[in-house]
Amino acid sequence: MIPINDLSRGYNLYKEEYEEKALEVLRSGWYILGKELSAFEEEYAKALSDDCYCAGVDNGLDAILLGLNASGIMPGDEIIVQANGYIATMLGVMQCGAVPVFVEPDEYYQLDSANIEAAITPKTKAVLVTHLYGMATRMEPIMDICKKHGLKLFEDCAQSHFAPYKGTYTGLFGDASFFSFYPTKNFGGFGDGGGVVSRDKEIIDRVKVLRNYGSDYRYHNIAMGYNDRLDELQAGLLRVKLKHIKDLLANRDHIAQRYLAEIDNPKVKLPTTAEGCVHTWYQFVVRVDDQDGFREHLKKREIGTDIAWKIPPYLQPVMMEKFGYKRGDYPKTEYICDTIVSLPMMDYMSEEEIDRVIEGVNSYVG
Ligand SMILES: *Cc1c(COP(=O)(O)O)cnc(C)c1O
């Protein structure tokens, strides 16, 4: 069986280094808010840009919640998001008291700037872009619209670590950006983890207060904070992974480039990369008319597939009940959800495995 993903492969590539770091942290006797976290925050920010800051938090959802909160988003504010985004993004927005307002995506699955202005109301405070599947959204037109209407701009980079748009990494285009280090992500740890990144040090300082019971210094609490810290063990392991992330992304690109060059089937539409972007392949998403039939065909050949995601966030019961959404509200998104299939993509695949996926896809007749 070729799985859709196998997390042990990434671990095995740098096993000794991870184990050495894990033992070092375990033996240090210091497990929360220590030198691994502060070193990770510094190194991660530096890897993105010379002029940004990072606060490590416990997961991507809380990065969104704390980051929006620290950026001044208030209950009742409307935030424009794409209808084909991930539920966790919407939960972060809603837990902040804000209201997600959906717009349809573009041909690259990213938030379509052409749809933003029609969604702006007097309550709109921000646009929150999710760079989906490992490729950046085309940010320039979105930045222009935000500037024109005085809106804040946020980025959900849970799937787009080190994915550049016109030479700048995602996470550096707006007021603040939110990262997940969940194990399946391109830059994932060995448990839950997340981070907020901003060029505005005050936002990052507020996130650091909010993640630690609202405490700005010891035994002094200035906000109704949370317990949302990134622990020392995860921070230490992420520091190890950070040294190798460029190689890991190159491995993914090798797999993707072989798929792109060798998959040749009129029934299967390959992903395209927008101008100015370098895809980092969190997901390799193809499109087929018969989603189930295609997946069944590959399953018979012992090739794992997935759908990211079958049900768009606004059709989840939690959102339908709250906002009254119904099927048909965002037809383009629903069409995408009904036709996308993710092929195996992970930190390492052998050439034989890549061959088998390509043969499996090419032998599909529909
Ligand atoms: C994974 C993911 C999240 C949530 O991250 P967690 O660390 O799992 O909480 C948020 N947004 C997007 C786009 C994601 O892919």
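Since we're looking at a predicted model, the values are computed, not measured. Numbers here are sequence positions counted from 1. Just the heavy atoms: all of them, side chains too, but no hydrogens, waters or symmetry mates, feed the values below. Ligands are counted one by one from 1 in listed order, and the atoms in each one are counted from 1 as well.
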(message) Between ligand 1 and Asp192, can you find any atom pair, the residue atom being a heavy atom, that is separated by under 4.0 Å?
(response) no

(request) If you have a sec, work out which protein heavy atom is nearest atom 4 (C) of ligand 1 and how many Å separate them, to one decimal? (result) Ala88 CB, 3.6 Å

(message) Give the atom numbers and elements of ligand 1 that come within less than 4.0 Å of a heavy atom of Thr89.
(response) 11 (N)

(message) For Tyr109, give me all partners under ring pair (Phe, Tyr, Trp, His ring centres under 6.0 Å), at least two apart in sequence or on another chain.
(response) Tyr133

(request) Using the test salt bridge (Lys or Arg N to Asp or Glu O under 4.0 Å), find all partners of Arg287 that sit at least two apart in sequence or belong to another chain. (result) none

(request) Among Tyr53, Tyr169, Phe162, find the residue that satisfies the ring-ring contact (aromatic ring centres under 6.0 Å, His included) test when tested with Tyr44. (result) Phe162

(message) At less than 4.0 angstrom from any non-hydrogen atom of Asn59, what atoms of ligand 1 do you find?
(response) 7 (O), 9 (O)

(message) Let's go through His254 and Arg258 carefully: what are the C-alpha distance in whole Å and the side-chain angles of both, what is the deciding distance for side chain to side chain donor-acceptor pair (under 3.5 Å) to 0.1 Å, and is it a yes or a no?
(response) CA-CA 6 Å; His254 172 72; Arg258 283 208 54 202; 5.3 Å; no

(request) Looking only at protein heavy atoms, identify the closest one to atom 15 (O) of ligand 1 and say how far it is in Å. (result) Lys185 NZ, 2.6 Å

(message) Side chain or backbone, does Ser180 bring an N or O within less than 3.5 Å of an N or O on ligand 1?
(response) yes

(request) Report, in ascending order of atom number, the atoms of ligand 1 lying under 4.0 Å from any heavy atom of Ala158. (result) 2 (C), 3 (C), 10 (C), 11 (N), 12 (C), 13 (C), 14 (C), 15 (O)

(request) Would you check whether Gln159 has a nitrogen or oxygen atom less than 3.5 angstrom from a nitrogen or oxygen atom of ligand 1? (result) yes

(request) Select one of side chain, backbone, both or neither to describe which atoms of Leu61 lie under 4.0 Å from any atom of ligand 1, heavy atoms only. (result) both

(message) Below the 3.5 angstrom mark, is there an N/O of Gly60, backbone or side chain, next to an N/O of ligand 1?
(response) yes

(message) Is the ring pair Trp309/Tyr86 parallel, tilted or perpendicular, if the boundaries are 30 and 60 degrees?
(response) parallel

(message) At less than 4.0 angstrom from any non-hydrogen atom of Thr130, what atoms of ligand 1 do you find?
(response) 13 (C)

(message) Using the ring centroid of each side chain, check whether Phe323 and Phe102 are separated by less than 6.0 Å.
(response) no

(message) Do Lys267 and Phe294 form a cation-pi contact, if we require the NZ or CZ to be under 6.0 Å from the six-membered ring centre and within 45 degrees of the ring's axis?
(response) no

(request) Using a 4.0 Å heavy-atom cut-off, say whether Asp156 meets ligand 1 through its side chain, its backbone, both or neither. (result) side chain

(request) Could you check if a side-chain atom of Phe154 sits within less than 4.5 angstrom of a side-chain atom of Phe178, using non-hydrogen atoms only? (result) yes

